[in-house]
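Structure first, commentary second.
In listed order, ligands and their atoms are each counted from 1. Heavy-atom basis, side chains included; hydrogens, waters and symmetry copies ignored.
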Amino acid sequence: MEDLMEKITNLAKKRGFVFPDSEIYGGLANTWDFGPLGIELKNNIKKLWWKTFVQERMDMVGLDSAIIMNPKVWEASGHVSGFTDQLVDCKSCKNRLRADHLVEDATGIDVEGKSPKEVLEIINKNKVKCPTCGKIDWTEPRNFNLLFKTQIGVLDDAKSLAYLRGETAQGMFADFKLILATSRKKIPFGIAQIGKAFRNEVTPGNFIFRTREFEIAEFEYFISPKADWQKIFDEWLGIMQKFADKIGLDKNKLHLHEIPTEKRAHYSKRTVDLEYDFPFGQKELWGIAYRTDYDLSAHQKHSSKDMKYFDQETHEAYIPHVIEPTFGVERTLLATLVAAYNEEEVSTATGEKETRIVLKLPKELAPFKIAILPLSKKPELEKIAQDIFDSFKESYMVDYDVSQSIGKRYRRQDEIGTPYCITVDFETLEDKTVTVRDRDTMKQERIKITKLPEYFSKNL
Ligand code: GAP
């Protein structure tokens, strides 16, 4: 199965989905760029998410808040004091590791919620060796904060200290009252955002699964403290599972993991992770948390601003509680690639067997919906092909490819997940028909050019 990850990573690079960042300088560890097709796929995932969770709902509004916020936001939210991982150093070879990963890899023991002292005791009791030098000579673990620090302005002192946001959620909390006043929404309602988050992860890895810079699509759904939060939580969980289905993830590969109290984030009273069977194991894809009134209460206390909601019907004022479904965008993209990747044995025109790689992406997510392939560079064929391109370019993302053999061009479109290829050939000149090839079945049919709009509006 590891080998599948290698195949996906190679395909992603070869076809322009994901590249190592700043590769001309040797790259930067665990940092990736999204190429011409990667950005289309990522945008399609985000568009579908936004449409599903914001535009099609009457109880949701959007937001795009700043990445560098007032640092007091992060003090109030508990991230400055509590957003940490424990690190240990090998005194012998100076190797630095995440304590929980070190212990879990060596012994299978879960040390979540244990103090640094307790973790060191477990390390020594189990004689956990340094994976680099083999010695057992560890420092006591230290808490390492995951927030990226930066400076505002030109003064290099404590007053200018700021943070890159560690989650997008705090924007929704900080702007809660402004949104309430301007959107005329009544509780229950949600505020959604998609944007970059930054975490100084100690051990990133597995391609784009864990990186230091990534995008989160999440929303804070505000409810009354008297509402049945368990019921609302379960409803959202069901909606998240439906979204997984919409983006082509097999429900048998999606697992719910109830997070025990000691492993939950500091703000959560209940968390369920939606885990997916990635080639490197069953890992967290998305999550849903019941954040109670933790964040709004903390901001009310630290800012001295009233964060209460006034219910016009009951005449009660209260700090709303929050259910938060959260989706990592890159992890979603990786899961869609894993789910879509297929290898099939097919026969060539000369009867030989060969492997066809095909990305069976849901049509809505595919970077290109249609590829137009004139059989040759003959001007009369290209003229018709370009006219077809022009007639569809406003409705669909269309690729146009004229070089190499038609067989190679079909393979390329299969590998990038294009649902339909249109071939313009010499028959086209005579009867104004083209060949339309279906990515999944490889079936080809002759269709009149005038009938193409109808065909695609039915199939796409
Ligand atoms: N506001 C809640 C929150 O940020 P989280 O579980 O810490 O929750 C949200 O992160 C989602 O972001 C995760 O479910 C995961 O999909 C993604 N994610 C978290 N850390 C990541 C990382 N280092 N690299 C890529 N994606 C990450």
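Formation of a donor-acceptor pair under 3.5 Å by the Arg165 side chain with backbone atoms of Ser65 is found in this model. Side-chain atoms of Asn70 come within 3.5 Å of backbone atoms of Lys72 as a donor-acceptor pair (strictly under, hydrogens ignored).
Contact residues of ligand 1 (protein heavy atom closer than 4.0 angstrom to a ligand atom; sorted by chain and number): Glu167, Ala169, Arg199, Glu201, Phe209, Arg210, Thr211, Phe214, Ile216, Glu218, Tyr267, Glu284, Leu285, Trp286, Gly287, Arg291, Glu324, Thr326, Gly328, Arg331.
Classification of the His79-Trp74 ring pair by plane angle, with boundaries at 30° and 60°, yields perpendicular. Between Phe456 and Phe392, the two ring planes are perpendicular [angle over 60°; tilted spans 30° to 60°].
In this structure, Asp85 does not pair ionically with Arg142, as no charged nitrogen and carboxylate oxygen lie closer than 4.0 Å.
Here the shortest heavy-atom pairing between Gly417 and Ala366 reads O-CB, 3.4 Å.
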